[in-house]
Amino acid sequence: VQLVESGGGSVQPGGSLTLSCAASGGFALNSYAVGWFRQAPGKEREGVSCHSYSDDVTYYTDSVKGRFTISRDNAKNMIYLQMNNLQPDGTAVYYCAASFGGTGYVCYRTQAEDFGSWGQGTQVTVSA
């Protein structure tokens, strides 16, 4: 499956952005666990959120709980990440990823190695 992110940009602290990820090719999107990762300058890639369709498991890293929401529209082959109350530590390149056959276990791990398909990334900058 091929993934293309969009929706990144620059916002002030406290602002919101919605990232979108369009999936094409491969099997139906409901065959995949889908996730969002981010990589800040000088830091390792971090799992932000994940959803497995097969067992309806959703994961968020602690730092974004209550502020970010992952969603998917299998009919439109789209994945979204709604980000509210963004803070400067949210500045990073955000990537969507898909794990074929991925279950809730993959989401609880949210390890990059479990995801075989990746988008090219979209930059999010949070600054005053």
Side-chain angles (χ1 to χ4, degrees):
V1 65
Q2 290 76 49
L3 304 172
V4 178
E5 303 96 336
S6 60
S10 296
V11 294
Q12 294 184 340
S16 298
L17 281 174
T18 299
L19 304 183
S20 299
C21 178
S24 61
F27 293 89
L29 192 59
N30 60 12
S31 300
Y32 296 83
V34 295
W36 288 93
F37 291 75
R38 65 186 178 188
Q39 188 164 19
K43 294 187 177 181
E44 294 186 354
R45 192 168 296 190
E46 172 193 26
V48 175
S49 182
C50 179
H51 177 258
S52 64
Y53 184 80
S54 61
D55 47 10
D56 197 23
V57 168
T58 302
Y59 164 87
Y60 297 99
T61 192
D62 286 345
S63 62
V64 308
K65 285 181 180 177
R67 299 187 297 120
F68 288 16
T69 303
I70 188 171
S71 62
R72 63 199 293 168
D73 186 332
N74 290 330
K76 296 182 179 180
N77 287 332
M78 294 293 296
I79 308 156
Y80 305 97
L81 185 68
Q82 173 69 42
M83 305 184 295
N84 297 326
N85 191 22
L86 281 160
Q87 298 301 317
D89 62 358
T91 295
V93 178
Y94 284 72
Y95 301 87
C96 69
S99 173
F100 180 69
T103 65
Y105 175 74
V106 168
C107 281
Y108 286 130
R109 280 170 44 89
T110 321
Q111 295 295 310
E113 63 202 42
D114 292 331
F115 292 77
S117 299
W118 292 84
Q120 82 288 352
T122 185
Q123 176 70 46
V124 172
T125 302
V126 186
S127 68

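Computed over heavy atoms, backbone and side chain alike; hydrogens, waters and symmetry mates excluded. Positions are given from 1, in the same order as the sequence printed here. This one's a predicted model, so the numbers in the text were calculated from it and none came from an experiment.
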- Message: Would you say the ring centers of F68 and Y60 fall short of 6.0 Å from each other?
- Response: no

If I take atom [atom1] from residue [X] and atom [atom2] from residue [Y], how far apart are they, to the nearest 0.5 angstrom?
| X | Y | atom1 | atom2 | result |
| --- | --- | --- | --- | --- |
| N74 | L29 | CG | CG | 5.0 Å |
| Q39 | Q123 | CD | CD | 11.0 Å |
| T122 | L17 | OG1 | CG | 8.5 Å |
| L81 | T18 | CG | OG1 | 8.0 Å |

- Look only at the side chain of S31 and the backbone of G101, and say whether a donor-acceptor pair between them is shorter than 3.5 Å.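 Answer holds: no.
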
- Query: Hey, does the side chain of E46 reach the backbone of R38 with a donor-acceptor pair shorter than 3.5 angstrom?
  - Reply: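 Looks like no, no N/O pair under 3.5 Å.
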
- Would you please name every residue forming a salt bridge (Lys or Arg N to Asp or Glu O under 4.0 Å) with K65, sequence neighbours left out? D62

- Excluding sequence neighbours, so at least two apart, what forms salt bridge (Lys or Arg N to Asp or Glu O under 4.0 Å) with R67?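 R67 satisfies salt bridge (Lys or Arg N to Asp or Glu O under 4.0 Å) with no other residue.
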
- Item | Given L19, V48, T58, the one that forms side-chain contact (heavy atoms from CB on, under 4.5 Å) with I70 |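 For I70, the side-chain contact (heavy atoms from CB on, under 4.5 Å) test succeeds with only one of L19, V48, T58, which is T58.
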
Is the number of heavy atoms from other residues, nucleotides or ligands within 6.0 Å of [atom1] ([X]) greater than 12?
| X | atom1 | result |
| --- | --- | --- |
| Y80 | OH | yes |
| E113 | CD | yes |
| F100 | CZ | yes |

- Item | Pi-cation contact, Y95 with R45 (under 6.0 Å, within 45°) |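 Judged by the rule (NZ or CZ under 6.0 Å from the ring centre, within 45° of its axis), R45 counts as positioned above Y95.
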
Of all heavy-atom pairs between [X] and [Y], which one has the smallest distance, and what is that distance?
| X | Y | value |
| --- | --- | --- |
| S20 | M78 | CB-CE, 3.8 Å |
| N85 | G14 | OD1-CA, 3.6 Å |
| S54 | G102 | OG-O, 3.8 Å |
| S52 | R72 | C-NH1, 4.1 Å |

- Query: Can you hop from L3 to F27 via hydrophobic side chains spaced under 4.5 Å?
  - Reply: yes

- Determine whether M83 and V11 fall in the same hydrophobic cluster, where Ile, Leu, Val, Met, Phe, Trp and Tyr are linked whenever their side-chain heavy atoms lie under 4.5 Å apart.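 Result: yes, single cluster for both.
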
- Task: Sequence neighbours left out, what passes ring-ring contact (aromatic ring centres under 6.0 Å, His included) with F37? Give chain and number order.
- Result: F115, W118

- Query: Who passes ring-ring contact (aromatic ring centres under 6.0 Å, His included) against Y105, sequence neighbours left out?
  - Reply: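 With sequence neighbours excluded, Y105 shows a ring-ring contact (aromatic ring centres under 6.0 Å, His included) to no residue whatsoever.
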
- Query: What pairs meet the disulfide (SG to SG under 2.5 Å) rule with one or both residues in residues 89-128, with sequence neighbours excluded?
  - Reply: C21-C96, C50-C107

- Report the C-alpha distance between Q111 and V106 in whole Å, list the side-chain angles of each, state the deciding distance to 0.1 Å, and finish with yes or no for side-chain contact (heavy atoms from CB on, under 4.5 Å). CA-CA 7 Å; Q111 295 295 310; V106 168; over 6 Å; no

- Show the numbers, then the answer: is there a side-chain contact (heavy atoms from CB on, under 4.5 Å) between Y32 and S99? CA-CA 5 Å; Y32 296 83; S99 173; 5.8 Å; no

- Query: Considering residues at least two apart in sequence or located in another chain, which fulfil the side-chain contact (heavy atoms from CB on, under 4.5 Å) criterion with N84?
  - Reply: S16, Q82

- Message: So P88 and P13, do their side chains get closer than 4.5 Å, heavy atoms only?
- Response: yes

